[in-house]
Every structure is written in structure tokens, then in C-alpha cells.
Visitor: 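Quick one: structure below, then a few questions.
Reckoned from all heavy atoms, side chains included, excluding hydrogens, waters and symmetry mates. Counting starts at 1 for both ligands and their atoms, following the listed order.
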Amino acid sequence: MAKDKKLVDKVYVNDVEADLVADEQFSIENNTGNDLVEDRFKDFEFVNKHTKTLKEFIVNDEINIVDINKLAELNGISFFIPIGWRSLLISLVKELDESGWDREVSCIKEKFAQLRFHADQADEDIIEKYEQLSEITCETCGGKGKIRYDTWNYVACRAHYLENRGLVLVEAGGFRISETYFQWSDVVSMEFEGLDLKEDFHRYLKIKVKNEVQIQCNLAYNPFNIYKESIGYGEFLKQIPGNYRELNYEYINRYYSEAAYCEICGYKAVYNQQCECCEAETWLSYSKGSVYREKVEYLTYAQGNWVKDNGEFYASKQDQYPKNPDHRIL
Ligand SMILES: [Zn+2]
Ligand SMILES: [Zn+2]
């Protein structure tokens, strides 16, 4: 999808080093000729510029991502990781080196929003530690993040998550998901995934479009998913025409027929005690669980989460929802 493309561009291809990383034409055969190796890195400053074998490879506090490129190449592999994970990877290599690793590595990549590093002779505990760290490190900026669910999973801090957050907009005769417009008549079926009526819960909406539409719009997947974390999701559900056999309209009518104002962010975006805008649960929902806080205390806490990092950025981005004029930050 267009959205996938945009995110991938943003995360992976943003500077000359990333291009270097993405260059996959160097195979194992190429690595036997050292001229080629040096040529490829000639415009970069790095510790191992003149290193010719794995044995000579220097690991110290000055190594950078180009050193890691060289390490990969000396191992006969190419690698592809998000920009935000570079310092993690460099720290991993340093720590493995201190533990007496032989510098042999067969795979460095991202999979399912996690850094993967395969090295038979390396300390597994160290690798595991960094794999876990990657799950809480923003792929774009390296800040504190968490795994986000969209058309695919990725790790993002709050600011980058909001920037990349899914958006579904109802328009005349159909709807738009990021840049891609669909007519209602393009859609073959819609169905909730993970629908649990006892828990009033579902994970996402699965949509299948006509095959020719998939080709036309260059969609990687069909069916594809719209996650309930997407902006505009509640409004979208409300306006789906009533002719999709697999869709549970009763569930939509019960929980998505009318949004309520959120006491935390002030926007009209609360469906089923969960705010689509600030993504916090309402006081009512919170107080049903184990209550640690009084209402005012909870609201203050949740509002703190909402405005903490980039208050203005969040507020200015919420033009999808009407705002309660009486709302105030406590
Ligand atoms: Zn970030
Ligand atoms: Zn809210």
C-alpha cells in the first residue's frame, strides 16, 4: 500500500549510509577481492577502513555503522535495519566483542519489529538482551518506543507513531486509507478479527477488495487490515453500508453508533470506553479494574501522558474530531 511505502521510505532510506546498507549487490564472491571492499566504503570515515580480514577487525568505542557494514561484508552478508537501531547494533557488537566473540555473524535484520542477530559462537544472553531492547526502541529516532500495530508491526516512539499512525477517512462514495481511495463497491467483504462479544473486544477489521482493485492500487495484501488504532476508525465503522454479510452490524451499532467526549483529551472520540484520539481508557473503564487512583488523579495522570512530550503537536493534529469547548487540562 502507499502507506507501507511511505513508512518504509521514512524509516530506512533517509541518508547516504542507509543507501550503502541497502546495496545488496555484494555477494560472498565479491568479498574475496579487497579492492572492491575498499572502493565501496571509500567516501566514509571509519575505524576499519583498511581492515582486510575478520581476524583484524577492530572493535573499539569509535566504531560506527560503516564499520558494521564492513563487518557484515567480511562475513559475506548484507544487512538492513532501521536507522533508529544503529546505536543498539553497535553496542551489541561491542558487548559481544568483550565477551570473546569470533566476529562471525550469519544474519542481521529486522523481523516482526525485532532486531535479529544470528551468530553461532556468540553469547545468546547478550543477543537476547538487545533483541528485547529493540522492541522498545523507536525505529526512526532511537528514542523510547513500543510495538505499534498497523498494516504491519513496527516500533515507534509516540511522536513518530502519531506521524505514521493509520488514518481512515470516509469520503463521497467510499473511503480513503492514507493515500489510497476505495469505493464501497470495490469491497468484496469486511469482517472483524478477534471479535469477542463477551469482552466487547476486537483487534481489527479485515477488508477484501476486488482482485482488479488490488492490482490497480498496488496492494501487497488482499485482504488487508484496518487496525482500530487508526484515526477515524469509529466514524468509518458507523458509515459502512449495510450489505456485507460477514460483518457484525449489531456490534457496530452497540459500540460505535455515537462517540462521547473524552475527559482526557477533550475530543469526541470515545467508543466503548476507549478514546480513539488519545488512546486512553475512560475513568469508568479504568475504575472497573483494580483502582489505584482517584478520578481526578487518574485524569491528571492520563492527561500528562497525552500532552507530555509534544502537547502542541498532538493538539494541532486532531482535526478529525470535534472538540469539547468546555474541556480543560487539569
Ligand atoms: Zn521516534
Ligand atoms: Zn481522548
Visitor: Among side-chain atoms of Glu135 and Gln114, is any donor-acceptor pair under 3.5 angstrom?
Guide: yes
Visitor: For the Zn ion (ligand 2), check which protein N, O or S atoms are under 2.8 Å away and list them.
Guide: Cys262 SG, Cys265 SG, Cys275 SG, Cys278 SG
Visitor: Does the ring pair (Phe, Tyr, Trp, His ring centres under 6.0 Å) test come out yes or no for Tyr251 and His202, once each step is laid out?
Guide: CA-CA 10 Å; Tyr251 177 72; His202 76 282; 5.3 Å; yes
Visitor: Indicate the ring-plane relationship of Phe236 and Trp184, choosing parallel, tilted or perpendicular according to the 30° and 60° boundaries.
Guide: parallel
Visitor: Around the Zn ion (ligand 1), what protein N, O or S atoms are found below 2.8 Å?
Guide: Cys138 SG, Cys141 SG, Cys157 SG, His160 ND1
Visitor: With no hydrogens and no angle check, do the side chains of Tyr255 and Asp200 hold a donor and an acceptor under 3.5 Å apart?
Guide: yes
Visitor: List for me each residue that meets side chain to side chain donor-acceptor pair (under 3.5 Å) alongside Lys109, sequence neighbours excluded, and say none if there are none.
Guide: none
Visitor: With ring centroids as reference points, do Phe224 and Phe182 lie under 6.0 angstrom apart?
Guide: yes
Visitor: Determine all donor-acceptor pairs shorter than 3.5 Å in which one atom belongs to a side chain in residues 167-175; sequence neighbours excluded.
Guide:
residue: Glu171; atom: OE1; partner: Arg176; partner atom: NE; Å: 3.3
residue: Glu171; atom: OE1; partner: Arg176; partner atom: NH2; Å: 3.2
residue: Glu171; atom: OE2; partner: Arg176; partner atom: NE; Å: 2.9

Visitor: Test side chain to side chain contact (heavy atoms under 4.5 Å, CB included) on Asn75 and Leu54; report intermediate values, then the result.
Guide: CA-CA 8 Å; Asn75 272 287; Leu54 268 186; 3.6 Å; yes
Visitor: Should Glu98 and Lys94 count as an ion pair when the cut-off is N to O under 4.0 Å?
Guide: no
